[in-house]
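Input: a single structure, listed below in structure tokens.
A, B, ... follow the sequence lines: proteins, then strands. Residue 1 opens every chain.
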Amino acid sequence: MVAKSTHWADLTADKIVREKGEKDVYVCASGITPSGTVHIGNFREIISVELVVRALKEKGLNAKFIYSWDEYDVFRKVPANMPEQEKLAQFLRQPITLVPDVLGNEESYARANEKRLEALLPLVGVFPEYIYQASEYRSGRYAQGMRTALEKKDTIRAILDEHRTQPLSADWMPVSVFCTKCHRDTTKVENWDGEWHVEYSCASCGNKESLDLRETGAVKLPWRIDWPMRWKEEGVDFEPAGKDHHSEGGSFDTAEMVVEKIFDGTPPVSFQYDFIRIKGRGGKISSSSGEVVSLPDVLEVYQPEVVRYMFAGTRPNTEFAISFDLDVLKIYEDYDKCERAFYNKPDSEKALKKWEKQARIYELSQVDRPEESMPYQIQIRHLCNLLQIQSGDIDKVIENLGDVEEDQIPRFRQRAECAWAWVQTFAPEDFRFSIKTSDDPLIEVSAAEASALSMLADAVKAKMDILDEKEFSTNIYAAAEENGLESGDFFPVVYRALIGKEKGPRLASFLYSIGSARVFELISRYSA
RNA sequence: GGGCCGCUAGCUCAGCUGGUAGAGCAACGCCCUUUUAAGGCGUGGGUCACAGGUUCGAAUCCUGUGCGGCUCACCA
């Protein structure tokens with residue numbers, strides 16, 4: 001099935017093999033600057049690479065997933081969502097690896113941002129090999145790359161100038177230096193000796209010195225040169241990039257030329273991925289502007305499989321929204337439908353083609369492998385109701401359902417936690433309720449309404465546990481009619497008595513979910 | 001200005017390595033003696049933006065046009 005899959009991850013894997021030829025290992029790369037909270041848009045790149053890596057592996061090929069943390073990048077701007085703004089501001093222009101962690105006790109601001117993501121990725125089935133750029137630069141690993149860039153700086157300049165409005169200045173150098181005294185990049189490279197030594201002066205502290213590229217670690221390449229240098233250094237075969245890079249004159253474009261002309265390498269296979277919108281949760285996605293929606297925020301409401309499903313089921317170059325409003329329910333329903341389809345392979349040739357696409361999406365959505373038999377399914381909407389009935393007590397919900405197998409509980413619990421988090425944080429007011437207790441004051445009712453409730457209470461006690469939902473529901477109508485009430489007027493009364501609202505979940509099944517004893521306890525109070 | 005993406009049923013979109021147009025919602029009808037945007041069955045509805053081209057055959061590939069969006073040209 002994998003062989004003829006038309007899923008984008010499989011097609012990309014095919015393309016990598018086609019363009020890069022047979023290799024012992026295919027290097028797939030991703031990476032970002034941890035200059036702020038890593039947001040869900042960044043995650044799209046990570047998961048995209050993961051899916052392609054998995055596709056390669058499932059073809060029996062060897063693939064390596066490297067993730068570069070560029071924490072040797074400059075700290076340019078204090079993100080608005082961070083505390084201690086003034087303290088952070090003191091470290092502007094220094095590499096972010098030297099900026100202190102203001103949220104916890106990590107060794108640095110960069111490391112803190114990195115750790116938060118690294119800790120979560122295994123939950124969604126992503127296991128990259130991390131590369132830390134500060135360490136790499138400091139180790140001298142890139143010394144030769146920098147020297148090469150210096151040797152060919154005029155060629156680089158020509159490439160970059162092609163798309164610049166202002167050409168690079170005559171004394172431009174393809175490297176930048178972090179002052180060894182004040183750590184800022186407010187430096188100017190004054191001279192290069194044609195070999196390993198670079199002289200600079202610092203505008204902030206006035207420091208002047210000569211550094212040996214092989215030993216210093218304080219010199220680095222600017223992004224547009226750094227990226228292709230690393231392609232060559234790591235032998236990158238595949239790396240996707242956002243639309244901001246994939247544009248003529250964008251950094252991918254110039255990096256392609258730089259890797260070929262300067263570093264004697266070939267650019268990786270790539271594709272462009274589009275941005276992600278956030279729906280139903282005010283706030284932007286950018287790490288530099290205020291509120292940030294990050295992977296942990298999404299995992300609070302969506303199970304890991306469902307998170308993967310959203311990304312695996314959408315082509316990378318398509319923009320889509322991650323919703324926190326009622327669409328959450330729709331996404332879960334779609335996922336469940338896809339899951340049912342996976343475990344229900346059709347016979348007819350025609351249906352099979354459609355099925356294969358869905359099935360592939362399902363496979364790729366799994367954190368590990370699909371289970372042997374279909375996981376326990378519960379409609380998310382129903383689950384939300386059950387949780388509210390039990391005030392969020394997941395064990396009670398499982399107990400009342402009675403048919404959740406032991407090995408199905410972990411996944412069920414995960415979904416329940418997400419559902420409960422959603423109900424409490426994002427569900428619209430209409431959707432939420434809590435069952436009254438017998439300590440709550442009675443609602444105001446007319447004599448006829450009290451009588452009807454009383455009659456319903458008797459029916460609940462006598463028949464609810466004997467009859468099924470549908471059979472029992474006639475008792476609701478009977479209670480209304482016999483007391484001269486329109487059923488349409490009586491329903492709100494029952495909802496008010498139970499949850500203090502005019503409306504609620506479909507009544508008959510709602511009563512059964514609550515259980516006869518609890519219902520009786522609440523509505524028998526209206527008996528004369 | 002360059003590049004990229006989109007334009008498919010009233011709405012949101014799927015279908016895109018070519019083979020007689022799909023889903024959900026909305027609408028309409030019937031059923032379940034009405035309920036958080038409840039459920040079931042059924043019906044109607046599209047010259048797949050437009051114009052050319054390739055092909056036995058194009059929503060799907062190519063070229064051009066129009067409309068919408070994003071992005072680059074400072075940094076990364």
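- When the P atom is compared between B/G1 and B/U54, the two are found 32 Å apart, to the nearest whole Å.
- A distance of about 27 Å separates the P atoms of B/A59 and B/C25, rounded to the whole Å.
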Nucleotide pairing, RNA chain B (Watson-Crick or G-U, distances under 3.5 Å), in dot-bracket with [ ] and |: ((((((((.[[[[.)...(..]]]].(((((.......))))).....[[[[[..)....]]]]])))))))....
For nucleotides 69-76 of chain B, give me one character per nucleotide, 5' to 3': B if any protein heavy atom sits under 4.0 Å from the base, S if the only such contacts are to the sugar-phosphate, - if neither. -SBSSSSB
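- A/Asp154 and A/Arg157 are joined by a salt bridge, as a carboxylate oxygen and a charged side-chain nitrogen come within less than 4.0 angstrom of each other.
- Here, B/C31 and B/G24 have their P atoms 22 Å apart, quoted to the whole Å.
- Between A/Tyr109 and A/Phe91, the ring centre distance reaches or exceeds 6.0 Å.
- A distance below 6.0 Å separates the ring centres of A/Phe271 and A/Trp8.
- Rounded to a whole angstrom, the distance from the P atom of B/C75 to that of B/C70 is 23 Å.
- As rounded to the nearest Å, B/A76 and B/U63 have C1' atoms that lie 37 Å from one another.
- One atom, CH2 of A/Trp8, and another, C1' of B/A14, lie 17 Å apart when rounded to the nearest Å.
- When heavy atoms are screened at a 4.0 angstrom cut-off, A/Lys501 is found touching no nucleic acid atom at all.
- In this structure, A/Ile476 places its CD1 atom 14 Å from C1' of B/A38, rounding to the nearest Å.
- Using a 4.0 Å heavy-atom cutoff across all strands shown, A/Arg18 reaches no nucleic acid atom at all.
- Counting to the nearest Å, the C1' atom of B/C13 and the CD1 atom of A/Ile361 are 14 Å from each other.
- With sequence neighbours excluded, no residue forms a side-chain hydrogen bond (donor to acceptor under 3.5 Å, both in side chains) with A/Tyr495.
- Distance check on atom P: B/C28 versus B/G66 gives 41 Å, rounded to whole Å.
- Taking the ring axis of A/Phe275 as reference, the NZ or CZ atom of A/Lys243 stays within 45° of it and closer than 6.0 Å to the ring centre.
- Nucleotides B/U55 and B/G18, compared at atom C1', are 9 Å apart to the nearest Å.
- Comparing atom distances between the A/Leu11 side chain and each of B/U17, B/C4, B/U33 picks out B/U17 as nearest.
- The separation between A/Leu326 atom CG and B/C25 atom P is 15 Å, rounded to whole Å.
- Put simply, CG on A/Asp327 is 13 Å from P on B/U12, counting in whole angstrom units.
- The phosphate of B/G15 (OP1 or OP2) has a side-chain N or O of A/Arg315 nearer than 4.0 angstrom.
- Sequence order on RNA chain B of the closest nucleotides to A/Glu481 and A/Gln379 puts A/Glu481 first from the 5' end.
- Checked against a 6.0 Å centroid threshold, the rings of A/His183 and A/Phe178 do not count as neighbours.
- Remark: aromatic rings of A/Phe311 and A/Phe43 are close, center separation under 6.0 Å.
- Computed from coordinates, the A/Asp334 CG to B/C25 P distance equals 11 Å when rounded to whole Å.
- The phosphate of B/A37 (OP1 or OP2) has a side-chain N or O of A/Lys503 nearer than 4.0 angstrom.
- In this structure, A/His382 atom NE2 and B/G39 atom C1' are separated by 14 Å, rounded to whole Å.
- Taking atom CD of residue A/Glu333 and atom C1' of nucleotide B/G39, one finds them 13 Å apart after rounding to whole Å.
- Proximity of the aromatic rings of A/Phe426 and A/Phe324 is defined here by a centroid distance below 6.0 angstrom, and this criterion is met.
- A distance of 6.0 Å or more separates the ring centres of A/Trp355 and A/Tyr362.
- Salt-bridge formation is not detected for the pair A/Lys501/A/Asp430: no Lys NZ or Arg NE/NH1/NH2 atom is positioned less than 4.0 Å from an Asp or Glu carboxylate oxygen.
- Between A/Phe490 and A/Tyr477, a ring centre-to-centre spacing not shorter than 6.0 Å is recorded.
- Which of B/U17, B/C16, B/C5 sits closest to the side chain of A/Asn317 comes down to B/C5.
- B/C32 and B/A51 have their P atoms separated by 49 Å, given to the nearest Å.
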